[in-house]
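Report on one structure; see the data block that follows.
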Protein chains: 2
Amino acid sequence: MEQSQPLAERIANQLRRHILLGSLAPGVSIKERDNAEELGVSRTPMREAIRILAKEGLVVLRPARSPIVAAPSLKEVSDDLEVMSALEVLSGRLACKNATPEDLAEIERLYQKMLDTARNGDSVDLFEVDMDFHRAIAAASHNKSLAETHSAYVARLWRTRYLSASIKSDRDRSLRQHGEIVRGLKARDARFVAKEIGSHIRHVVTNVADLFDEREA
Amino acid sequence: MEQSQPLAERIANQLRRHILLGSLAPGVSIKERDNAEELGVSRTPMREAIRILAKEGLVVLRPARSPIVAAPSLKEVSDDLEVMSALEVLSGRLACKNATPEDLAEIERLYQKMLDTARNGDSVDLFEVDMDFHRAIAAASHNKSLAETHSAYVARLWRTRYLSASIKSDRDRSLRQHGEIVRGLKARDARFVAKEIGSHIRHVVTNVADLFDEREA
DNA sequence: CAATTGTTTTTGGTATACCAAATTTCCATT
DNA sequence: AATGGAAATTTGGTATACCAAAAACAATTG
């Protein structure tokens, strides 16, 4: 009953999917015993998996209480996006300095794939490519800590951004902005890239705020 | 054998101290069994404590091997500092917008304490106040995620910055810079604060690089 | 009927037992 | 003496057992 990858991480991945896709709704409790039994594993790795997700901010631990799926408020999501924006801007700046031609080629490839998916694929596919695009920029910074921390925020904000991305209204603007970012990176114009990334995320914040407003109806 | 605070966290705190103060040198392995027995606890909380420190970057987990105390290279430390700098700059900017008068008073109090400690106390005390000062700025941003992520980097870089702070040569410049930061915050001049914080950390990077050079001798 | 207290149940925290992979040791063979 | 490999040991991963605190529930009492 084991593999090359620790069981706890596989459980964490599984739980993460359930949370992000919504089959584990925000606010519901995750009982060690029940969930472990349900997946046919013992409490020990389940416990560790929960801790992993807690560090990522997807579940919150309460002393002497069941952990629950995080239900972030608009303020918390906005705060997360603000940090993530700073991380991405830094990524962009560093990428202008450190990106190899291969890095740039990969980023451009993802951008083309994005244009393609926008025309033919569904919104989930498009979203996946979008995430890959931003992750590729972080990787191109050649700063491992930055890429890791950025990745943690991507995970935490996955669900929110997924919902935000389903707002098709300004998909065109979004695509255009990504194009600008690619252009800036290739020209290694750090200031321009920083401006575009900042603007891009500000739009995401706006969309998310709208989503929260609608939810109250 | 339990308290209000989970045992794992207390163990993590204890291990963290040992690592940061150097009694657990970089590179040495942390065996679950041995360390647990040494502290008179079982493997379960020890295991969890190790995972906590791994997430913080203080120990590294190797598949099917003992975890070891992290021995970051100059490149890794510089990368960490680069991210931390961005986080602090963002903190400063947001603090200019969101800090309450109480926040500012607390920051100024810490600054005065710093001046006082520089005159009378030892370098460890001074360092502690320094860390508190930067943490207070992050807190004044009123962005919880930012404060938490920043705090994680503070912990990871604790030892390095501690060593860096023992370089007394530019203690005066450092103190003056902190004063400028306080001045900027009170004037709520985000641009000025960002500039000063950035400059401050660039000096830290320089000091750390010197330290790494010396170590090779 | 409400309130309070005592009991049962649920739940997370901790300890221990067991297993398999990986390392090390050491002997047999050349 | 060198080497190949098998057995023993070490170590982390997983399962299970036990405990205490907290919550839920029930019963008793005013």
Side-chain angles (χ1 to χ4, degrees), chain A residues 1-19 23-72 148, chain B residues 1-19 23-72 148:
Chain A
M1 185 70 75
E2 88 311 321
Q3 293 290 334
S4 58
Q5 199 188 20
L7 184 52
E9 286 188 25
R10 282 184 293 151
I11 297 174
N13 292 338
Q14 198 168 341
L15 280 182
R16 193 183 297 108
R17 276 190 70 85
H18 284 150
I19 294 174
S23 53
L24 268 177
V28 313
S29 63
I30 303 180
K31 305 192 222 300
E32 287 185 5
R33 260 176 258 264
D34 297 359
N35 279 66
E37 191 175 3
E38 195 166 322
L39 292 177
V41 300
S42 80
R43 284 178 57 204
T44 313
M46 170 59 68
R47 190 179 163 75
E48 188 173 328
I50 290 175
R51 302 309 159 119
I52 291 174
L53 297 180
K55 270 285 181 190
E56 292 178 3
L58 291 179
V59 311
V60 310
L61 266 38
R62 308 171 296 178
R65 283 300 242 297
S66 295
I68 58 175
V69 178
E148 266 173 31
Chain B
M1 185 70 76
E2 86 312 321
Q3 295 290 333
S4 58
Q5 199 187 20
L7 184 52
E9 285 188 26
R10 282 184 294 150
I11 296 174
N13 292 338
Q14 197 168 341
L15 281 181
R16 194 184 297 109
R17 276 190 71 85
H18 284 152
I19 293 174
S23 53
L24 268 177
V28 312
S29 64
I30 304 179
K31 305 192 221 301
E32 287 184 4
R33 261 176 256 267
D34 297 359
N35 278 65
E37 192 175 3
E38 195 166 321
L39 293 178
V41 301
S42 80
R43 285 177 57 202
T44 313
M46 169 61 68
R47 189 179 165 75
E48 189 172 327
I50 291 175
R51 301 310 160 117
I52 291 175
L53 297 180
K55 268 285 179 189
E56 292 178 3
L58 291 179
V59 312
V60 310
L61 265 38
R62 308 172 297 177
R65 283 299 243 298
S66 294
I68 59 176
V69 178
E148 267 174 30

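Predicted, not measured: the structure shown is a model, and the values here were computed from it. Quick note on labels: first sequence line is chain A, next is B, and so on, each numbered from 1.
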Checklist entry - Any salt bridge between A:Glu37 and A:Arg43, counting N to O under 4.0 Å? => result no
Checklist entry - Rounded to the nearest Å, what distance is computed from the CG atom of residue A:Leu61 to the C1' atom of nucleotide C:dT11? => result 13 Å
Checklist entry - Between atom CG of A:Leu24 and atom CD of A:Gln14, what is the distance when rounded to the nearest 0.5 Å? => result 10.0 Å
Checklist outcome for this item: Residue pairs meeting side-chain hydrogen bond (donor to acceptor under 3.5 Å, both in side chains), one or both in residues 58-68 of chain A, sequence neighbours left out, come to none
Checklist entry - Which part of the nucleic acid, if any, lies within contact of A:Arg47, taking any heavy atom under 4.0 Å across all strands shown: a base, the sugar-phosphate backbone alone, or nothing? => result base
Checklist entry - Among C:dG12, D:dA15, C:dC18, which is the nearest nucleotide to the side chain of A:Leu7? => result D:dA15
Item to check | Distance test, side-chain N/O of B:Arg65 to OP1/OP2 of C:dT23, below 4.0 Å | outcome: yes
Next on the checklist: So for A:Arg62 and C:dG12, does any side-chain atom that can act as donor or acceptor lie under 3.5 Å from a complementary atom in the base?
Outcome noted: no
Next on the checklist: Under 4.0 Å, counting only non-hydrogen atoms across every strand here, what does B:Arg43 touch: a base, just sugar-phosphate, or nothing?
Outcome noted: base
Checklist entry - Whole-Å distance between D:dT11 P and B:Asn35 CG? => result 11 Å
Item to check | Candidate nucleotides C:dG12, D:dT14, C:dA15, ranked by approach to the side chain of A:Glu32 - the nearest | outcome: C:dG12
Next on the checklist: So which atom in B:Ala12 and which in B:Leu53 form the shortest heavy-atom distance, rounded to 0.1 Å?
Outcome noted: O-CD2, 3.8 Å
Next on the checklist: Would you say A:Ser66 places a side-chain N or O within less than 4.0 Å of OP1 or OP2 belonging to C:dT10?
Outcome noted: no
Checklist entry - How close or far is atom P of C:dA15 from atom CG of B:Leu39, stated in whole angstroms? => result 11 Å
Next on the checklist: Once you apply a heavy-atom cut-off of 4.0 Å, does A:Thr44 come out as touching a base, just sugar-phosphate, or nothing?
Outcome noted: base
Checklist entry - Between B:Asn13 and B:Arg10, is any side-chain donor less than 3.5 angstrom from a side-chain acceptor? => result no
Checklist entry - Given D:dG12, C:dG12, C:dT16, which nucleotide is nearest the side-chain atoms of B:Lys31? => result D:dG12
Next on the checklist: How many whole angstroms separate atom CD of B:Glu9 from atom P of C:dG13?
Outcome noted: 10 Å
Item to check | Length of the CD-P vector between A:Glu48 and C:dG12, whole Å | outcome: 16 Å
Checklist entry - What is the distance, rounded to the nearest whole Å, between atom CD of A:Glu37 and atom C1' of D:dT14? => result 16 Å
Item to check | B:Met46 CE - D:dG13 P separation (whole Å) | outcome: 14 Å
Checklist entry - Are B:Arg51 and D:dG13 close enough that a side-chain N or O sits under 4.0 Å from OP1 or OP2? => result yes
